[in-house]
Trainee: 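Sharing a structure, written as structure tokens. Questions coming.
Since this is a predicted model, take the numbers as computed values, not measurements. So that the names make sense, note that chain A is the first sequence line, chain B the second, and so on, each numbered from 1. Only this structure's heavy atoms are used, side chains among them; waters, hydrogens and symmetry mates stay out.
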Number of protein chains: 2
Amino acid sequence: MRDTLLEQLVPVFREQGYAGATLVQLAAATGLGKASLYHHFPGGKAEMAAVLLRKSVADLQKRAFAHLTRTKRAPNERLQAFIDGFSDYVAEGAGHCLVAVFAQGPAAGVHGDLINNQFVDWRNTLIAVFEELGEKRKRARRSADQLIDELYGGLLTAKLLGDPDHFTRCVKRIKKALG
Amino acid sequence: MRDTLLEQLVPVFREQGYAGATLVQLAAATGLGKASLYHHFPGGKAEMAAVLLRKSVADLQKRAFAHLTRTKRAPNERLQAFIDGFSDYVAEGAGHCLVAVFAQGPAAGVHGDLINNQFVDWRNTLIAVFEELGEKRKRARRSADQLIDELYGGLLTAKLLGDPDHFTRCVKRIKKALG
DNA sequence: ATAATAGCAGAACGAACGTTCGAGTAGGAC
DNA sequence: GTCCTACTCGAACGTTCGTTCTGCTATTAT
């Protein structure tokens with residue numbers, strides 16, 4: 001039940017940002033009254049955002065980055081699985097990552113460290129995979145950086161172009177380049 | 001005088017987003033009282049954002065994309081100049097592009113079309129340059145998309161990692177790859 | 001000197017914000 | 001039947017929001 005509630009809150013924060021999301025909108029999205037939301041989230045808007053951020057990080061880990069450490073499969077297969085997983089994750093969000101949303105604006109001050117540490121970890125995981133593919137550390141770092149940059153850039157650019165398909169093309173392009 | 005005012009307003013919108021920026025903050029950034037801001041921007045917060053967005057688009061055009069159409073220089077030189085110009089533009093903003101900020105949140109609804117049309121134009125300009133380099137249309141489109149994705153992705157990822165240098169490395173990597 | 005204008009801010013405005021309160025309903029435990 | 005807990009909501013709270021009103025101070029033109 002609580003998970004249903006959380007899923008209903010996501011689109012509001014994703015489209016409006018933390019500052020832009022109002023309790024009227026959040027309540028409307030759940031079908032509850034404003035006051036009822038406080039029964040489930042006594043901490044109010046800040047708690048909803050915090051819970052949602054943690055959930056988003058966990059989802060992203062599970063759906064995308066976890067594939068990178070499934071050492072039974074070949075490194076390049078793991079990369080492809082990661083990219084597919086990431087694509088699925090953000091597609092559910094119609095092309096947006098809640099973690100990236102909270103990394104901007106006022107919420108960044110509160111949750112910045114959590115996000116930063118998580119992404120540094122993820123980047124290191126990615127680097128390790130490229131090293132498994134035989135790349136030297138420096139080269140592996142560049143490959144990992146380029147991969148994350150392209151994925152999140154594709155997400156942002158799709159919005160800038162007003163073309164949701166842009167991200168799909170971006171994913172295709174990346175997968176092709178990685179062979 | 002008005003330009004000074006505008007420049008003082010930029011960091012507030014960039015760090016807080018449109019919804020997150022309050023008139024108290026905007027006034028404090030200029031050193032004026034809230035009421036005084038209305039003498040310069042009778043339309044209030046919405047007008048400030050609109051003027052700033054147009055100015056940002058013009059700046060980005062002038063500082064970065066304009067280099068792409070300086071047909072006296074070789075295509076690859078123009079690309080390098082574009083990347084350097086883009087890098088300079090966002091560096092002044094400490095690693096953020098105001099246009100991208102306004103493309104998210106509530107402001108997207110009002111200014112979305114302007115931003116989208118502008119970026120489609122810019123993308124076409126970029127595609128044309130890659131065609132000049134001898135790439136077929138399809139390939140040129142991929143090259144252009146990848147370039148924008150990496151630039152804006154580098155910007156966003158730098159924030160996610162909490163590492164401003166990430167964007168600098170991103171620019172270096174792109175320039176190297178383009179030879 | 002006087003009039004006119006541009007710029008500025010203190011104080012107040014209604015509206016919307018996030019939040020709290022108190023009452024009320026439903027359902028299971030004993 | 002009586003508790004208790006879980007849950008919901010209308011109404012109101014104080015605060016802050018964006019905005020406007022009013023009058024003051026410079027500066028400039030006449």
Trainee: Rounding to an integer number of Å, can you tell me how far F41(A) CZ sits from dT19(C) P?
Mentor: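 Result: 13 Å.
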Trainee: Ignoring hydrogens and angles, write down the donor-acceptor pairs under 3.5 Å from the side chains of residues 80-87 of chain B, residues two or more places apart or on other chains.
Mentor:
from	atom 1	to	atom 2	distance (Å)
D84(B)	OD1	K175(B)	NZ	2.8
D84(B)	OD2	K175(B)	NZ	3.0

Trainee: Given atom CG of L23(A) and atom P of dC9(D), what is their separation to the nearest angstrom?
Mentor: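 Going from L23(A) (CG) to dC9(D) (P), I get 14 Å.
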Trainee: Enumerate the residue pairs fulfilling side chain to side chain donor-acceptor pair (under 3.5 Å) with a member in residues 114-129 of chain A, sequence neighbours excluded, ordered by first and then second residue.
Mentor: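 Counting only pairs at least two positions apart or across chains, the side chain to side chain donor-acceptor pair (under 3.5 Å) contacts touching residues 114-129 of chain A are Q61(A)-W122(A), R123(A)-D145(A).
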Trainee: I need the single residue from L5(A), D3(A), T4(A) that forms a side chain to side chain contact (heavy atoms under 4.5 Å, CB included) with M1(A). Which is it?
Mentor: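 Only one option passes, and that is T4(A).
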Trainee: Measure the distance from CG on L9(A) to C1' on dG18(C) and round it to the nearest whole Å.
Mentor: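 Whole-Å distance recorded here is 15 Å.
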Trainee: Hey, could you give me each pair passing side chain to side chain donor-acceptor pair (under 3.5 Å) that has a residue in residues 127-136 of chain B? Not counting sequence neighbours.
Mentor: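 Those involving residues 127-136 of chain B are R78(B)-E132(B), E131(B)-R137(B), E135(B)-S143(B).
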Trainee: How about F13(B) and L98(B): do any of their side-chain heavy atoms sit closer than 4.5 Å?
Mentor: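 They are in contact (side-chain heavy atoms under 4.5 Å apart), so the answer is yes.
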Trainee: Report the residues that fulfil salt bridge (charged side-chain N to carboxylate O under 4.0 Å, His left out) with D163(A), sequence neighbours left out, ordered by chain and then residue number.
Mentor: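 Counting only residues at least two positions away or on another chain, D163(A) forms a salt bridge (charged side-chain N to carboxylate O under 4.0 Å, His left out) with R169(A).
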Trainee: For E15(A), check salt bridge (charged side-chain N to carboxylate O under 4.0 Å, His left out) against everything at least two apart and list the hits.
Mentor: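 In terms of salt bridge (charged side-chain N to carboxylate O under 4.0 Å, His left out), with neighbours along the sequence ignored, E15(A) is linked to no residue.
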Trainee: Measure from CG on L37(A) to P on dC17(C) and round the result to the nearest Å.
Mentor: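 Roughly 14 Å, once rounded to whole Å.
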Trainee: Check the interface with nucleotides 23-28 of chain D: list each N/O to N/O pair with the protein under 3.5 Å, or write none.
Mentor:
none

Trainee: Base contacts versus sugar-phosphate-only contacts with protein, heavy atoms under 4.0 Å: please encode nucleotides 5-11 of chain C as B, S and - from 5' to 3'.
Mentor: -SBBBB-
Trainee: How long is the line joining CE of M48(A) and P of dG18(C), in whole Å?
Mentor: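 Rounded to the whole Å, the gap is 9 Å.
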Trainee: Under 4.0 Å between a side-chain N/O of Y38(B) and OP1 or OP2 of dT20(D), yes or no?
Mentor: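 No, outside the criterion.
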Trainee: Which residues in residues 102-111 of chain B have a heavy atom closer than 4.0 Å to any atom of DNA chain C?
Mentor: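 Heavy-atom cutoff 4.0 Å gives no residues at all.
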Trainee: Side chains of residues 43-52 of chain B: which donor-acceptor partners sit under 3.5 Å, not counting sequence neighbours?
Mentor:
from	atom 1	to	atom 2	distance (Å)
K45(B)	NZ	Y18(B)	O	3.0
K45(B)	NZ	A21(B)	O	2.7
E47(B)	OE1	G43(B)	N	2.5

Trainee: Using a cut-off of 4.0 Å on non-hydrogen atoms, how would the nucleic acid contact of A21(A) be classed: base, sugar-phosphate, or nothing?
Mentor: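 Sugar-phosphate, backbone atoms only, no base.
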Trainee: With sequence neighbours left out, write down each residue that passes salt bridge (charged side-chain N to carboxylate O under 4.0 Å, His left out) with E7(B), or none if nothing qualifies.
Mentor: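 Counting only residues at least two positions away or on another chain, E7(B) forms no salt bridge (charged side-chain N to carboxylate O under 4.0 Å, His left out).
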Trainee: Using salt bridge (charged side-chain N to carboxylate O under 4.0 Å, His left out) as the criterion, list what pairs up with R173(A), not counting sequence neighbours.
Mentor: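 With sequence neighbours excluded, R173(A) shows a salt bridge (charged side-chain N to carboxylate O under 4.0 Å, His left out) to E150(A), D149(B), given in chain and number order.
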Trainee: With H96(B), which residues qualify under side chain to side chain donor-acceptor pair (under 3.5 Å), at least two apart?
Mentor: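 Expected list: none.
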Trainee: Whole Å only: how far is the CD atom of E47(A) from the C1' atom of dG18(C)?
Mentor: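 Roughly 14 Å, once rounded to whole Å.
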Trainee: Base, sugar-phosphate or nothing for A46(B)? Non-hydrogen atoms, less than 4.0 Å.
Mentor: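 No contact at all - A46(B) keeps every heavy atom at 4.0 Å or more from the nucleic acid.
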Trainee: For K45(A) and dT15(D), what is the distance between atoms NZ and P respectively, to the nearest whole Å?
Mentor: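 The distance from NZ of K45(A) to P of dT15(D) comes to 19 Å, rounded to the nearest Å.
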